Each structure stands twice: as structure tokens, then as C-alpha cells.
Amino acid sequence: KVFSLLLAEGIIDAKDVNNFADEILSKETNSEFEFIELSTTKNSNDLISLLNKLSINCENKIAYRAIFGIYRRAFFFRC
């Protein structure tokens with residue numbers, strides 16, 4: 001869900017999601033189909049739809065907490 005929200009806001013792009021999935025796939029011997037889909041989907045809107053489908057049971061509140069933590073950490077390391 002976090003990736004979906006960040007992608008929708010333009011904070012990350014499709015290539016970031018593809019790279020994340022590629023990294024996971026490179027470390028696994030039996031790859032999950034979902035990571036293959038994330039790795040090969042290049043269109044941002046399609047990725048958002050796929051990520052939303054994969055995170056259907058995730059609460060937005062939890063995702064926004066994670067995003068806040070990411071922002072806070074990024075700000076902290078800049079100071």
C-alpha cells in the first residue's frame with residue numbers, strides 16, 4: 001500500500017517499484033508471481049492498480065504511518 005500511495009503522489013516512479021521487485025526476485029529461488037508482475041509492469045497507473053489489488057486488506061492508517069516514518073527519517077538525516 002505504501003508503494004501505491006507514494007507512486008500516486010509522484011514521490012517514487014514505476015522504475016523504483018520495478019527495481020524493488022527485481023531486487024526481491026534476484027534473491028529468491030522460487031519467485032512469487034506478484035513480484036514478477038511488479039517487475040514487468042512499466043505503466044504507473046497499472047502499477048498503482050496492481051499494488052492496490054495486492055494490498056486490499058491493508059489499512060490506509062498503517063500505510064500513512066509508514067510514509068510519515070519515511071519522511072521523518074529522510075528529514076532527520078538531512079539535518
Side-chain angles (χ1 to χ4, degrees):
K1 188 68 176 181
V2 172
F3 282 116
S4 173
L5 295 169
L6 292 173
L7 191 57
E9 293 298 322
I11 297 167
I12 62 173
D13 60 20
K15 190 69 178 160
D16 295 320
V17 177
N18 298 144
N19 289 340
F20 168 76
D22 289 344
E23 185 177 334
I24 298 295
L25 291 170
S26 72
K27 295 177 183 176
E28 296 183 337
T29 54
N30 295 324
S31 301
E32 295 180 37
F33 182 71
E34 292 83 0
F35 286 109
I36 295 169
E37 281 186 294
L38 290 173
S39 176
T40 59
T41 303
K42 304 303 180 195
N43 179 283
S44 292
N45 290 327
D46 293 341
L47 270 172
I48 291 168
S49 294
L50 177 59
L51 288 163
N52 284 334
K53 184 178 90 173
L54 294 173
S55 62
I56 194 119
N57 294 324
C58 179
E59 293 183 38
N60 279 349
K61 178 173 71 172
I62 293 169
Y64 283 116
R65 276 183 158 175
I67 291 170
F68 178 71
I70 291 167
Y71 284 147
R72 195 170 115 195
R73 187 173 196 185
F75 178 75
F76 178 76
F77 285 117
R78 287 185 187 166
C79 296

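If you're wondering where the values come from, they're calculated on a predicted model, not measured in any experiment. Throughout, residue positions are numbered sequentially from 1 according to the sequence presented.
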Could you check if a side-chain atom of Asn19 sits within less than 4.5 angstrom of a side-chain atom of Asp22, using non-hydrogen atoms only?
yes
Rounded to the nearest 0.5 Å, the CD atom of Glu37 sits from the CG atom of Leu54 at a distance of 7.0 Å
Taken to the nearest 0.5 Å, the spacing of Ser4 OG from Lys53 NZ works out to 13.0 Å
- Query: Would you say the side chains of Asn18 and Ser39 form a donor-acceptor pair under 3.5 Å?
  - Reply: no
dist Lys27:NZ -> Phe35:CZ (nearest 0.5 Å) comes out at 11.5 Å
Tell me if the CD atom of Glu28 is crowded by more than 12 foreign heavy atoms within 6.0 Å. yes
What one should report as the nearest heavy-atom pair of Glu32 and Leu25 is O-CD2, 4.4 Å
### Query
Within a reach of under 6.0 Å around CD of Glu34, are more than 12 heavy atoms found that belong to other residues, nucleotides or ligands?
yes
One should read off an interatomic distance between Ile48 CD1 and Asn43 CG, to the nearest 0.5 angstrom, of 8.5 Å
To the nearest 0.5 Å, atom CD1 of Ile12 lies from atom CG of Leu7 at 5.0 Å
Checklist line | Same apolar cluster: Phe3 and Ile11, side chain cutoff 4.5 Å | finding: yes
CG of Leu47 to NZ of Lys15, rounded to nearest 0.5 Å, is 11.5 Å
* Quick one: do Leu51 and Leu38 satisfy side-chain contact (heavy atoms from CB on, under 4.5 Å)? Show the steps, please. => CA-CA 8 Å; Leu51 288 163; Leu38 290 173; 3.6 Å; yes
| request: Establish whether Ile62 and Leu6 are linked, either directly or via other cluster members, by ILVMFWY side-chain heavy-atom contacts under 4.5 Å. | output: no
Between Ala63 and Val2 the two heavy atoms that sit nearest each other are O-CG2, 3.7 Å
Scanning both residues in full, the closest heavy-atom pair of Ala14 with Lys42 reads CB-O, 3.3 Å
